[in-house]
Amino acid sequence: MAPKNKSKASGKDAAGDSKPKGAQTINVRHILCEKHSKKEEAAEKLRNGAKFDDVAREYSEDKARQGGSLGWKNREALLPEFGKVAFELEASTTANPKWAECKTTEGYHLVMVEGRK
């Protein structure tokens with residue numbers, strides 16, 4: 001499941017004078033690997049044109065391994081490192097994914113975003 005951030009979750013800008021820019025929620029998928037070498041194998045498959053959901057089924061160690069879908073998440077529902085990477089990605093499709101990598105306390109993630117609101 002999506003890594004949860006255990007800290008405060010206000011979602012409001014501390015200064016109160018500017019609204020957050022960009023998406024407030026994203027439809028996100030990931031591939032979670034405990035070992036760096038396994039993450040590298042999955043990344044190589046993606047670089048060679050494999051579909052993101054197929055690679056997730058094969059490599060992800062998360063219970064969301066059915067294609068890696070975590071569903072719609074706001075920034076507060078994700079670990080900070082994961083959220084920072086995920087919210088910077090543009091939306092793409094599993095057949096032609098635009099993805100990025102990050103490391104969290106859960107392991108190594110390959111992240112893609114299917115939708116933004």
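What you are looking at is a predicted structure, and each value in this text was computed from that prediction instead of being measured.
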Asks: Is R29 close enough and on-axis enough to F52, meaning under 6.0 Å and within 45°, for cation-pi?
Replies: no

Asks: Listed by chain and number, what are the ring-ring contact (aromatic ring centres under 6.0 Å, His included) partners of Y108, not counting sequence neighbours?
Replies: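 Checked Y108 against ring-ring contact (aromatic ring centres under 6.0 Å, His included); matches are H36.
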
Asks: Could you tell me the separation between the OG1 atom of T104 and the CG atom of L32, rounded to the nearest 0.5 Å?
Replies: 6.5 Å

Asks: I need the K73 NZ to I26 CD1 distance, nearest 0.5 Å.
Replies: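 If I round to the nearest 0.5 Å, the distance is 10.0 Å.
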
Asks: Find the distance between CG (L110) and SG (C102) and round it off to the nearest 0.5 Å.
Replies: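 L110 CG to C102 SG: 8.5 Å, rounded to 0.5 Å.
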
Asks: For the pair E88 and K84, find out whether any cationic side-chain nitrogen is under 4.0 Å from an anionic carboxylate oxygen.
Replies: yes

Asks: Step by step, work out the side-chain contact (heavy atoms from CB on, under 4.5 Å) result for T105 and F82.
Replies: CA-CA 10 Å; T105 55; F82 188 99; over 6 Å; no

Asks: Taking only residues two or more places apart in sequence, or in another chain, which ones meet E44 in a side chain to side chain contact (heavy atoms under 4.5 Å, CB included)?
Replies: R47, N48

Asks: Donor-acceptor check, side chain of E61 to backbone of E34, threshold 3.5 angstrom: yes or no?
Replies: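 Yes, because the side chain of E61 sits within donor-acceptor range (under 3.5 Å) of the backbone of E34.
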
Asks: To the nearest 0.5 Å, what is the distance between OG (S60) and CD (Q66)?
Replies: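 So the gap between those two atoms works out to 9.0 Å.
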
Asks: For E101, is there an ion pair with K39 - N to carboxylate O distance below 4.0 angstrom?
Replies: yes

Asks: Distance from K117 atom NZ to N27 atom CG, nearest 0.5 Å?
Replies: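 One finds 8.5 Å between NZ of K117 and CG of N27.
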
Asks: Any idea which heavy atoms bring G68 and A56 closest together, and the distance?
Replies: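 Shortest heavy-atom separation between G68 and A56 comes out as N-CB, 3.6 Å.
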
Asks: Just grab all the side-chain hydrogen bond (donor to acceptor under 3.5 Å, both in side chains) pairs involving residues 91-100, residues at least two apart or on different chains.
Replies: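 Found E90-K98.
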
Asks: With sequence neighbours left out, write down each residue that passes salt bridge (Lys or Arg N to Asp or Glu O under 4.0 Å) with K35, or none if nothing qualifies.
Replies: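 Testing K35 for salt bridge (Lys or Arg N to Asp or Glu O under 4.0 Å), a comparison that skips the adjacent residues, returns none.
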
Asks: Using the salt bridge (Lys or Arg N to Asp or Glu O under 4.0 Å) criterion, which residues pair with R116? Sequence neighbours excluded.
Replies: none

Asks: Can you name the closest pair of heavy atoms from A86 and V111 and give their distance?
Replies: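 Shortest heavy-atom contact: CB-CG1, 3.8 Å.
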
Asks: Could you tell me how the ring of H109 sits relative to the ring of H30: parallel (under 30°), tilted (30 to 60°) or perpendicular (over 60°)?
Replies: parallel

Asks: To the nearest 0.5 Å, what is the distance between CZ (R57) and CD1 (I31)?
Replies: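 It is 10.5 Å, given to the nearest 0.5 Å.
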
Asks: Partners of E41 by side chain to side chain contact (heavy atoms under 4.5 Å, CB included), sequence neighbours excluded?
Replies: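 Counting only residues at least two positions away or on another chain, E41 forms a side chain to side chain contact (heavy atoms under 4.5 Å, CB included) with Y59.
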
